[in-house]
Amino acid sequence: MNSVSIDKNEKTVSMQPKYSPVKEFWKNFRKQKVAFIASVFVLLLILVAILAPYIAPFDPYKPNYDALLEPPSKSHLAGTDEYGRDILSRLIMGTRISLSVSFASVFLGMILGTILGLMSGYFGGWLDRIIMRSSDVLFSFPDLLLAIAIVAILGPGLNNVIIAVTVFGIPSFARLVRGATLEAKENTYVEAAKSMGAPHRRIMYKHIFPETVSSLIIFVTMRIGTAILAASSLSFLGLGASPETPEWGVMLSTGRDYLGTASHVVIVPGIAIFLTVLAFNLIGDGLRDVLDPKTKND
Amino acid sequence: MSNTILRVEKLKKSFELSNGFFEKKKTIQAVSDVSFEIQKGETFSLVGESGCGKSTTGRLISRLLEPTEGSIWIDGMEVSNKKESQLKQMRQSVQMIFQDPYASLNPRMKVKEIIAEPLTIHTNLSTSERQKKVLEILEVVGLSEYHSERYAHEFSGGQRQRIGIARALIMKPQLIIADEPVSALDVSIQSQILNLLKDLQREYGISYLFISHDLSVVEHISDNIGVMYLGAIVESGPKDTVFANPQHPYTKALLSSVPVANPRLRKEKIILKGDIPSPKNPPSGCTFHTRCPFAMDICKKEKPKRQQLQEENHFASCHLLDQ
C-alpha cells in the first residue's frame with residue numbers, strides 16, 4: 001500500500017470535447033419538431049411586436065367611415081371593423097400589447113414567486129407555513145375570479161391587468177419552486193456548502209436556484225399562454241384595455257355584436273389568441289421533454 | 001498553547017420522531033455518549049457498524065447538526081454553544097470531506113469554482129488571486145490546471161474525491177472531518193486517496209477525524225481510534241494497542257472479522273448474533289448485552305463505566321474488565 005505513489009491522472013479526460021450545457025440543450029430541442037415550429041412562430045410574433053408600427057399597413061386607430069365592416073380583400077387583408085379600422089393593423093399592434101402584458105406579468109410573477117418559494121422551501125418552519133397557507137388562499141379562488149377581483153379593486157387599465165395577472169401567478173411559481181427547493185436542499189453539496197460556512201443567500205442562489213431553473217423555464221412558457229388568455233379575458237370583460245385600444249380581447253369584445261353579419265371581426269383576433277396560446281403551450285411541452293429528467297424516454 | 005485541536009466531551013444528540021398527530025413523540029438517541037480528543041497533526045478514527053452514530057458525530061462537530069448536550073472545543077474555543085454567525089473562524093479551520101464524491105460536488109459548477117468556494121466565502125481575494133490558489137492546490141492533490149475548467153461529472157470517482165480534498169484543503173484548515181472518504185471508491189483508488197491524505201497531513205500538519213466502517217482502512221491511516229456502538233464510544237486508544245490488545249468484546253468481534261491474508265493462520269472468529277438494536281428503544285444497562293457472547297446479569301442492569309486500562313490512553317467501558 002505504501003509504495004503506491006500519487007499518480008497525476010493527467011490524460012484521462014483530455015480526449016473528450018468540451019462539455020457545454022447550451023449545445024446539449026440545443027441538440028435535443030431541435031429534435032422536438034412541433035415545439036421547434038411553435039418557437040419559430042413565437043419568434044415571428046415577437047418580431048412583429050417589435051416592428052409593429054413599421055409593418056402595420058394602416059393606422060390602427062384611424063376610423064374610415066367609407067369602409068365599415070368590410071370583409072377581407074386585397075386592400076384590407078383581414079377586413080375592417082365597425083369603425084372601418086384595418087383589422088390586420090390592429091392585430092399587429094395588438095401583438096405588441098398582448099405579448100408585453102403577458103411577458104411582464106409572467107416575469108414579475110416568476111421573480112416574486114421564486115423568491116418566496118426558495119425561502120419557503122429552504123428555511124421551512126413558520127415562514128414556510130405562512131407562505132404556503134397564503135398561497136393556498138389565493139389558489140382557492142378560481143383564477144380569473146381573483147384577477148377580476150384585483151382589477152375591480154384597482155380599477156380597469158392595462159397596468160392593473162399586469163398586476164392582477166402577476167398576483168395570480170405568484171402562488172403557482174412559489175409552489176413549484178418550493179418543491180424543487182425541498183428536493184435540491186437534500187443534496188450533499190448543499191451540506192458541503194453549509195460546512196464551509198456559506199451564508200444562506202449564497203446557498204440559495206448558487207446551489208439551489210440553478211436546480212429549479214429547468215422547471216421554471218418550462219412553467220414560464222406555459223404560463224405566458226395562460227397570461228395572454230387571462231389578459232384578453234379581462235379586456236373582453238371591459239376590465240382591461242380601453243375600448244379603442246387594439247388589444248385582442250378588446251377586439252373580440254367590441255366585435256361580438258357583429259358575429260352574425262361580419263364574423264371576420266371576431267374570428268381574426270380569436271385565431272390570433274388561439275394560435276399564440278397554443279404555440280406557447282407546445283413550446284412548454286417540448287421544453288419539458290428536453291429538460292425534465294423524469295420524463296426522458298431514452 | 002495546548003496541543004489539542006479538538007476535544008469532545010459527553011456529546012449527545014437525540015432526534016425527535018413523530019409518526020402522527022396523535023401519537024406520543026418518540027426520541028432517537030443517535031449519539032448518547034461520545035468523548036475524545038484529537039492532537040495536532042494526528043488522525044483519530046471513529047469505527048463502527050452503520051447506524052452507530054459515527055457520521056452524526058462528524059456532523060455535530062462540524063455543526064451541521066445542533067448537539068443536544070455536551071461540548072465541543074476546537075483549538076481551545078468552545079463552539080457547541082455558539083451561533084452560526086460566531087463560527088466564522090471555525091468554518092475556516094474545520095473542513096469536511098464527504099463520502100460520496102458524486103453527490104458532494106455541485107454538478108453545475110466548474111471545478112475551479114468548486115475548489116474556490118471557501119475562498120469566495122471567507123476572503124476578498126480577486127478572481128485572479130483565487131485562480132492562482134486553485135491551481136496551486138490542484139497540483140498538490142495530483143490534478144492539473146487543465147482540469148479546472150471542467151465540470152465535476154466529467155471525472156472519475158477518485159478524481160472527484162481529489163477535487164473534494166482540494167476544496168477542503170484550500171483554506172489550510174487545522175482539522176478535516178473525513179466522513180467515509182474512500183468507501184465509495186474502488187479498492188485500487190482507495191489506497192491512492194489514503195496516501196494522498198497521509199502526505200497532506202505530513203506536509204501541512206492537518207489533523208483528521210476519520211470516520212469509517214472499514215477496519216483495514218482505519219488501520220492504515222489512524223494514530224488513535226474510537227470504536228462506536230449504538231451512539232457511544234465503547235473502546236478507544238492508540239491504534240496499535242487497540243488492534244493488538246482489544247478489551248471490549250465488541251472490538252474483539254469487529255477485529256476478528258477482518259480477513260487475514262495467510263490462510264494457514266487460524267483465527268478464532270467471534271460472530272455476533274442478531275442485528276444492531278434500534279436506537280429508538282436501546283437495551284438497558286450495557287447496550288451491547290443483547291449481542292455480547294460474554295453477557296452477565298449485571299450487564300442488563302448497570303451501565304458500565306469508562307475506565308483507563310493498563311496502557312496509556314486506552315479506555316474501554318465493559319463490566320468484564322472489573323473481574
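Convention: sequence-line order gives letters A, B, ...; per-chain numbering from 1. Computation of the quantities below employed the complete heavy-atom set of this structure, encompassing side-chain atoms and omitting hydrogens, waters and symmetry-equivalent molecules. It should be emphasised that the depicted structure is a prediction, and the values quoted were computed from it without experimental measurement.
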* Asked: Charged N to carboxylate O below 4.0 Å: is that the case for B:Glu113 and A:Lys206?
  -> yes
* Asked: Between B:Ala168, B:Ser85, B:Pro107, B:Gly164, which residue shows the highest count of heavy-atom pairs closer than 4.5 Å to chain A?
  -> B:Pro107
* To do: Identify the two heavy atoms, one from A:Gly197 and one from B:Glu84, that lie closest to each other, and give their separation to 0.1 Å.
  => CA-OE2, 4.4 Å
* Structure fact -> Closest non-hydrogen contact found for B:Ser104 with A:Ala192 is O-CB, 4.1 Å
Whether over 12 other heavy atoms sit under 6.0 Å from [X] [atom1]:
| X | atom1 | answer |
| --- | --- | --- |
| B:Glu78 | CD | yes |
| B:Asn124 | CG | no |
| B:Lys239 | NZ | yes |

* Name the region of B:Met109, side chain, backbone, both or neither, that has any atom closer than 4.5 Å to a heavy atom of chain A. => side chain
* To do: Go through B:Glu117 and A:Met196 one step at a time and tell me if the side-chain contact (heavy atoms from CB on, under 4.5 Å) criterion holds.
  => CA-CA 8 Å; B:Glu117 190 161 21; A:Met196 279 173 231; 4.0 Å; yes
* Asked: Is there a side-chain contact between A:Tyr189 and B:Leu105, using heavy atoms and a 4.5 Å cut-off?
  -> no
* Side-chain heavy atoms of B:Arg108 within contact of A:Glu211, under 4.5 Å -> yes
Please round to the nearest 0.5 Å and tell me the distance separating atom [atom1] of [X] and atom [atom2] of [Y].
| X | Y | atom1 | atom2 | value |
| --- | --- | --- | --- | --- |
| B:Arg63 | A:Ser195 | CZ | OG | 13.0 Å |
| A:Glu191 | B:Asp179 | CD | CG | 8.5 Å |
| B:Asn106 | A:Ile208 | CG | CD1 | 10.0 Å |

* Structure fact -> Residues passing the salt bridge (charged side-chain N to carboxylate O under 4.0 Å, His left out) test with B:Lys13, sequence neighbours excluded, are none
* To do: Could I get the full list of salt bridge (charged side-chain N to carboxylate O under 4.0 Å, His left out) partners for B:Asp240, not counting sequence neighbours?
  => none
* Structure fact -> Most heavy-atom pairs under 4.5 Å with chain B, out of A:Pro199, A:Ala193, A:Ala198, belong to A:Ala198
